[in-house]
Structures are given as structure tokens and as C-alpha cells.
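Below: one structure, written as C-alpha cells.
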Amino acid sequence: MAEITFPTVEDCPSIGREKDTVVADMDGTLLIGRSSFPYFTLVAFEVGGILRLLFLLLASPLAGLLYYFVSESAGIQVLIFATFAGMRVSDIESVARAVLPKFYSSDLHPESWRVFSSCGKRCVLTANPRIMVEAFLKDFLGADIVLGTEISTYKGRATGFVKKPGVLVGKNKSYALKKAFGETKPEIGLGDRHTDYPFMNLCKEGYIVPPKPEAQAVTVDKLPKPIIFHDGRLVQKPTPFMALIIILWIPVGFLLACLRIAAGSLLPMRMVYYAFWALGVRVTVKGTPPPPVKKSSGQSGVLFICSHRTLLDPIFLSTALGRPIPAVTYSVSRLSEIISPIKTVRLSRDRATDASMIKKLLEEGDLAICPEGTTCREPFLLRFSSLFAELTDELVPVAMVNRMSMFHGTTARGWKGMDPFYFFMNPSPAYEVTFLNKLPKELTCGLGKSSHEVANYIQRVIAATLSYECTNFTRKDKYRALAGNDGTVVEKPRIKPNKVMGC
């Protein structure tokens with residue numbers, strides 16, 4: 001029997017396809033990469049931590065042997081079991097919504113996307129678990145139908161097994177396609193390997209996507225919807241080698257982080273800058289900060305308005321100034337308060353109470369406010385609160401930038417108490433603090449500007465300095481998109497011991 005051959009995707013015309021239906025595989029077809037291991041790794045680490053990542057890495061040789069020498073289905077089942085067994089379904093969905101889209105979008109195949117995006121109806125048929133890929137495909141690529149492997153669950157947790165008919169590979173893909181479309185034949189089928197041929201034969205036209213690892217991924221501006229919100233601890237997409245490096249580095253990195261945190265907490269602030277450099281933490285200061293206000297002068301302190309990167313923003317601001325600057329924040333964990341070398345004050349979210357508190361702090365000296373969530377990981381800047389603009393005319397915008405090679409030092413989903421540790425666990429983390437000019441009097445509320453005008457001006461100035469784009473999204477929008485809450489760290493009430501009768 002003659003081997004079936006298909007033309008390559010480069011030969012597929014994309015003009016006039018508005019009424020056509022396209023069905024595409026994912027790994028190696030819509031995505032340049034042919035392996036789904038990095039995305040399983042992300043789920044394993046973000047939900048299960050280092051131990052789950054280690055378990056997945058140990059299981060990966062078995063998965064590879066089965067995949068290449070027995071069957072694709074068996075290899076993928078091993079990955080699914082090692083990654084998902086025992087996980088809460090809600091946690092998997094959270095990672096799929098908040099973490100994976102950024103990594104998927106950075107690997108989008110240009111030719112496949114050209115064809116896929118030109119069609120009026122879009123369907124993705126993949127061996128990946130549907131729960132992992134559906135959020136990205138529907139929200140960011142405009143897919144109408146996502147057909148993927150269905151995982152088995154019990155009482156809200158994944159069992160590690162898959163539902164019938166099993167992993168969508170080979171004939172299972174063609175069965176799923178027939179079930180979804182019936183006798184209707186989709187116009188275009190896109191695949192990248194021989195196990196995709198069964199479903200491609202059910203389409204009017206079939207095109208193969210040849211391996212092309214050197215292909216340049218689709219740029220972000222070509223996506224139907226920009227990825228503004230992104231969460232997760234890992235900076236890079238984890239290959240098997242990178243996953244091994246992470247596992248080996250974390251014990252060493254945690255000890256190094258503890259040493260760096262101790263240096264920042266115990267040493268006088270004027271020495272912290274040099275201690276950080278000695279310990280591999282790079283701090284770059286740009287611009288000219290204002291001198292400290294003398295209490296004898298009777299003037300109120302300067303309010304530093306910082307773009308938010310991590311909970312460490314006010315600490316690196318203090319490091320750059322060489323003196324401790326108290327900071328106000330919306331939420332901070334108890335652990336972060338304990339290890340902080342500066343005074344941190346939590347806002348109550350009652351505007352009148354917060355205004356009174358900030359005014360009192362400004363009477364005592366300089367103050368920093370780092371509105372959490374104002375900066376996303378992408379080059380976007382969220383809206384600033386207008387509250388601070390009403391309280392003083394002594395406003396200094398500060399643009400904060402940090403660089404990490406392994407771990408992000410902030411999270412919307414996880415425990416924020418670990419944020420400082422993850423940042424300092426990077427081999428050589430860096431912070432850049434840029435002091436901008438103090439706002440002229442004519443641009444403050446004291447000379448007639450509204451608080452919203454002042455806040456928007458500061459947002460534009462910081463965004464221009466960082467080459468970021470201003471948005472109308474707020475901090476609450478960010479946390480609702482990533483974590484399903486408003487980002488408040490709720491203090492647990494202290495439980496008093498019950499009195500025993502007769503005591």
C-alpha cells in the first residue's frame with residue numbers, strides 16, 4: 001500500500017478562508033516545539049513544588065522509552081500520571097489560566113498560525129490534556145472547539161489516569177473528530193507526524209508541518225489578544241536539562257537567599273548596598289534622589305511613588321537611598337513583615353483612614369508607596385491609585401526594574417511569604433532604581449489638578465521611562481484574572497483558648 005503524503009503547510013493558501021473550518025494538532029503543529037514535557041513540568045512545579053518536579057523528571061526516561069519505542073499514547077500517559085496524580089483540579093485549571101499561556105504564546109508556529117487564524121471556525125485536536133490547553137487556545141487564539149485528552153478525577157482531584165477512549169493519538173483523534181463534526185468534513189487539517197494522518201484524511205485538505213526548530217515564533221503583537229497578566233515562579237520554559245538544574249540549585253539557592261535576606265535585615269541600611277554586591281545582588285541607581293527632609297524644618301516628607309515589581313521594592317529603594325524608608329502596602333504576609341528591615345504599614349482600604357495614616361507618616365519623614373500590581377511581567381503598566389495624590393505635593397516617581405534568570409520574585413496565586421526567598425534564590429538577581437524628577441507644583445493637587453490627573457501623569461511618566469504601555473486595568477483586575485481574588489492577604493484571627501469549667 002502506497003504511503004500517504006501531504007503537501008507542506010507553506011503550500012496552503014490562507015486568503016478567502018473566512019467560511020472554512022480548520023482542525024489543527026498542537027505540539028509540532030500550532031507550536032514549533034514537538035514536546036509537551038516543558039508544559040507538564042510547569043504544572044508539576046507550580047502546583048506540586050520541587051518534589052513533584054523531581055518525580056516527573058525521574059519518570060521522564062520511562063515516558064521517553066514508551067513514547068518512541070512502544071506507543072505515543074503510553075508515553076503521554078506516564079507524563080499525565082506523574083504530573084497530575086493527586087492534584088486538585090482547580091489548581092490545574094489555575095495554572096492553565098495564569099501560567100501556561102505566556103509560554104505557549106512564545107512558541108507559536110508562524111506558518112500554522114497564518115492558516116489557522118485565516119479560517120472562520122477553528123478547532124484544535126491534541127493529545128495534551130484538554131484541561132491544560134483549553135484556556136490558552138480559546139482565550140488567546142480564538143479556538144472554537146478544543147478536543148483533547150480527558151483526565152479522570154475523583155472528588156475534585158485528578159487520579160492520574162485518563163478517560164475513555166484514552167489519549168487522543170492516531171485513530172482516537174479521528175474518532176474524536178467524527179464525534180464532533182459528524183458527517184461534515186472540515187476544509188483543512190494540519191498535523192506534523194504520521195499519527196495525525198487518520199484525522200487529516202477526514203478533512204478536505206491536509207497539510208503537514210515539517211520540523212523546523214529554527215523557525216521564529218509569532219510575535220506578541222500578531223496575537224488576537226495580548227497576554228497582559230502572567231503568573232508563575234519559573235522565568236524560562238523548563239527543558240529536561242533546565243528542570244534538573246532547578247532541582248539541583250534550589251537547596252543551594254535557598255541557603256544563599258537566607259544569607260542575602262539576613263544581610264539586608266541585620267546590617268545598617270547604608271551598608272546593605274555593598275553587602276548585596278558582595279553576595280551577587282546587583283543594584284543600579286539612576287537619577288538624583290532628593291535629600292532627606294530635616295524634621296526641624298517643619299516640612300512634610302517626600303512620598304516616593306514606585307512602580308511595583310516585587311514586595312522588595314521599598315527595600316531596594318531604601319538600599320538606593322542609603323537610609324530606611326517606611327512603606328505602605330495593600331497586603332503583606334506576616335513572614336515578610338518579620339524579615340523586613342524597614343517599617344511596613346498595611347492600608348485598611350478605607351480611604352479616610354488610609355489618608356489620615358499616610359499624612360501622619362509623612363509628618364515623620366519620607367515615605368514610599370509601591371502599589372502592588374501596578375506593573376505586570378509584560379511591558380504593561382496598570383492604573384495607579386489617586387489616593388496618594390491628595391495627601392501631599394511632594395511627589396517623586398520612581399521607576400523600578402528587576403531581572404531574574406531562574407525564578408520570579410512575585411506571585412498572585414501562591415504564598416506571598418516566599419516572594420523574597422524566590423527572588424534572592426536567583427544566582428545573580430538585579431534591581432534598577434530610577435529616580436525621576438519631583439513633580440512640579442503646577443502638576444499637583446495643590447495648584448488645582450485633580451488627584452486622578454496627577455495619578456495618570458505619574459503612570460505615564462513611569463511608563464515612558466520603562467518603555468511600557470499604560471492600561472486601564474487595576475490591581476484588582478490583575479488578581480481576579482490570575483488568582484480569582486482581590487489580592488488581599490487575610491489575617492487569620494487569633495483563637496483564644498477555651499476556658500475549662502472549674503478552672
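The model shown is predicted, which means the values in this text are computed figures rather than measured ones.
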Flag, side chain of D366 to backbone of G301, donor-acceptor distance under 3.5 Å: no
Could you check whether atom CZ of R403 has more than 12 heavy atoms from other residues, nucleotides or ligands sitting under 6.0 Å from it? yes
Using atom types as modelled, flag every donor-acceptor pair under 3.5 Å from a side chain in residues 41-52 to any protein atom, sequence neighbours excluded.
{"unit_1": "T41", "atom_1": "OG1", "unit_2": "F37", "atom_2": "O", "d": "2.8"}
{"unit_1": "E46", "atom_1": "OE1", "unit_2": "R233", "atom_2": "N", "d": "3.4"}
{"unit_1": "E46", "atom_1": "OE2", "unit_2": "R233", "atom_2": "N", "d": "2.7"}
{"unit_1": "R52", "atom_1": "NH1", "unit_2": "A82", "atom_2": "O", "d": "3.1"}
{"unit_1": "R52", "atom_1": "NH1", "unit_2": "T83", "atom_2": "O", "d": "3.1"}
{"unit_1": "R52", "atom_1": "NH1", "unit_2": "A85", "atom_2": "O", "d": "3.1"}
{"unit_1": "R52", "atom_1": "NH2", "unit_2": "A85", "atom_2": "O", "d": "2.6"}

Are the side chain of D231 and the backbone N or O of V99 linked by a donor-acceptor pair below 3.5 Å? no
Kindly indicate, with the supporting measurements, whether the criterion salt bridge (Lys or Arg N to Asp or Glu O under 4.0 Å) is fulfilled by E432 and R309. CA-CA 11 Å; E432 184 177 289; R309 298 307 299 177; over 6 Å; no
Report yes or no: does E453 contribute a side-chain atom to a donor-acceptor pair with the main-chain N or O of S450 at less than 3.5 Å? yes
Taking everything shown except Q216 itself, do over 12 heavy atoms lie less than 6.0 Å from its CD? no
Within a radius of less than 6.0 Å around CG of N437, do more than 12 heavy atoms belonging to other residues, nucleotides or ligands occur? no
What pairs with F116 under ring pair (Phe, Tyr, Trp, His ring centres under 6.0 Å), at least two apart in sequence or on another chain? none
What heavy-atom pair brings L248 and P251 nearest, and what distance separates the two atoms? O-CD, 3.5 Å
Can you tell me if D419 and T310 form a side-chain donor-acceptor pair at under 3.5 Å? no
Is there a donor-acceptor pair under 3.5 Å between the side chain of S60 and the backbone N or O of L57? yes
Polar side chain donor-acceptor pair, Y431 to D313, under 3.5 angstrom: yes
Under 3.5 Å, is there a donor-acceptor pair between the side chain of Q236 and the main chain of S405? yes
Between F407 and F421, is the ring centroid distance below 6.0 Å? no
Nearest-0.5 Å distance, CD1 of residue I325 to CG of residue L367: 8.5 Å
Residue of the set K237, R34, K102 for which salt bridge (charged side-chain N to carboxylate O under 4.0 Å, His left out) holds with D107: K237
Answer with yes or no after comparing the ring centroid distance for F254 and F424 against a 6.0 Å cut-off, counting only values under it. no
If every non-hydrogen atom of P101 is compared with every non-hydrogen atom of F140, which pair is closest and at what distance? CB-CE1, 3.7 Å
